[in-house]
Amino acid sequence: MEKDQGILSAAALKMPVITNTIIKRLQKAALADLSQVRQDMRQRGMKVYEERKTRLGVEVEFLCRGYHHKLSVLWGLVEAESEQRSYTYLGFDISDKRGNIN
């Protein structure tokens with residue numbers, strides 16, 4: 001979102017205030033979500049101790065109840081989840097993406 005905000009700020013938009021407000025709202029909602037997830041993980045005794053971004057996606061190693069685990073998530077899934085959450089944060093339905101806004 002930071003990268004998009006920088007690009008949009010440099011562009012000659014007709015309504016830059018609205019665009020920046022939307023991005024700030026997305027960032028605030030994502031930060032609140034992240035804080036809640038971190039709190040939930042602490043309460044459940046989970047700790048991420050290594051995170052790597054690869055060409056294919058994100059790889060995470062974590063500790064849960066004394067056991068070590070690995071998780072790999074492909075970039076396509078990361079992007080799809082980010083997009084879905086962004087629509088939710090803004091109060092939109094993902095089906096609005098297809099032009100079905102009523």
Side-chain angles (χ1 to χ4, degrees):
M1 284 186 260
E2 289 288 330
K3 182 180 176 184
D4 288 349
Q5 187 174 21
I7 291 169
L8 292 170
S9 293
L13 301 174
K14 299 231 184 238
M15 298 168 45
V17 175
I18 292 174
T19 304
N20 284 329
T21 301
I22 290 170
I23 291 175
K24 286 179 184 175
R25 182 175 177 186
L26 287 171
Q27 288 174 320
K28 185 177 178 181
L31 184 58
D33 240 4
L34 182 59
S35 295
Q36 184 62 50
V37 167
R38 286 181 175 161
Q39 182 179 355
D40 292 346
M41 287 177 66
R42 272 193 303 276
Q43 289 174 349
R44 289 177 172 83
M46 297 175 69
K47 180 173 180 142
V48 173
Y49 59 86
E50 189 167 342
E51 178 184 328
R52 290 180 300 281
K53 294 179 182 176
T54 69
R55 185 178 57 83
L56 297 175
V58 179
E59 296 176 354
V60 178
E61 294 183 38
F62 63 99
L63 186 66
C64 180
R65 298 184 183 134
Y67 294 95
H68 296 270
H69 301 276
K70 291 182 181 180
L71 174 69
S72 297
V73 182
L74 297 174
W75 285 120
L77 183 58
V78 171
E79 291 170 6
E81 183 66 22
S82 296
E83 185 176 28
Q84 174 65 52
R85 286 179 184 259
S86 294
Y87 272 82
T88 301
Y89 294 154
L90 294 170
F92 299 146
D93 188 297
I94 193 73
S95 65
D96 295 345
K97 176 181 172 181
R98 293 180 204 90
N100 298 333
I101 300 174
N102 293 326

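Quick note: numbers below take in every heavy atom, side chains included, and nothing from hydrogens, waters or symmetry partners. Note that this is a predicted model, so its numbers are computed, not measured.
- Counting only residues at least two apart or on different chains, no ring-ring contact (aromatic ring centres under 6.0 Å, His included) pair has a member in residues 27-47.
- F92 is linked by a ring-ring contact (aromatic ring centres under 6.0 Å, His included) to nothing, counting only residues two or more places apart in sequence or in another chain.
- Taking L56 as the reference, T54, L74 meet the side-chain contact (heavy atoms from CB on, under 4.5 Å) condition, with sequence neighbours excluded.
- Here Y49 pairs with H68 under the ring-ring contact (aromatic ring centres under 6.0 Å, His included) rule; sequence neighbours left out.
- When hydrophobic residues (I, L, V, M, F, W, Y) are linked wherever their side-chain heavy atoms come within less than 4.5 Å, the members clustered with V73 are V37, M41, M46, V48, V58, V60, F62, L71, W75, L77, V78.
- For the side-chain contact (heavy atoms from CB on, under 4.5 Å) test, residues two or more places apart in sequence or in another chain that qualify with L34 are R38.
- In this structure, OH in Y67 is found 10.5 Å from SG in C64, a value given to the nearest 0.5 Å.
- In this structure, K47 has no side-chain contact (heavy atoms from CB on, under 4.5 Å) partners at least two apart in sequence or on a different chain.
- For residues 10-46, there are no ring-ring contact (aromatic ring centres under 6.0 Å, His included) pairs, not counting sequence neighbours.
- The salt bridge (charged side-chain N to carboxylate O under 4.0 Å, His left out) pairs that include a residue from residues 50-61 are E50-R52, R52-E59, R52-E61, where partners are two or more places apart or lie in different chains.
- Residue pairs meeting the salt bridge (charged side-chain N to carboxylate O under 4.0 Å, His left out) criterion with at least one member in residues 16-28, sequence neighbours excluded, do not occur.
- Take Q36 and apply the side chain to side chain donor-acceptor pair (under 3.5 Å) test, not counting sequence neighbours, and it matches D40.
- Note on residues 69-95: pairs passing salt bridge (charged side-chain N to carboxylate O under 4.0 Å, His left out), not counting sequence neighbours, are D33-R85, E81-R85, E83-K97.
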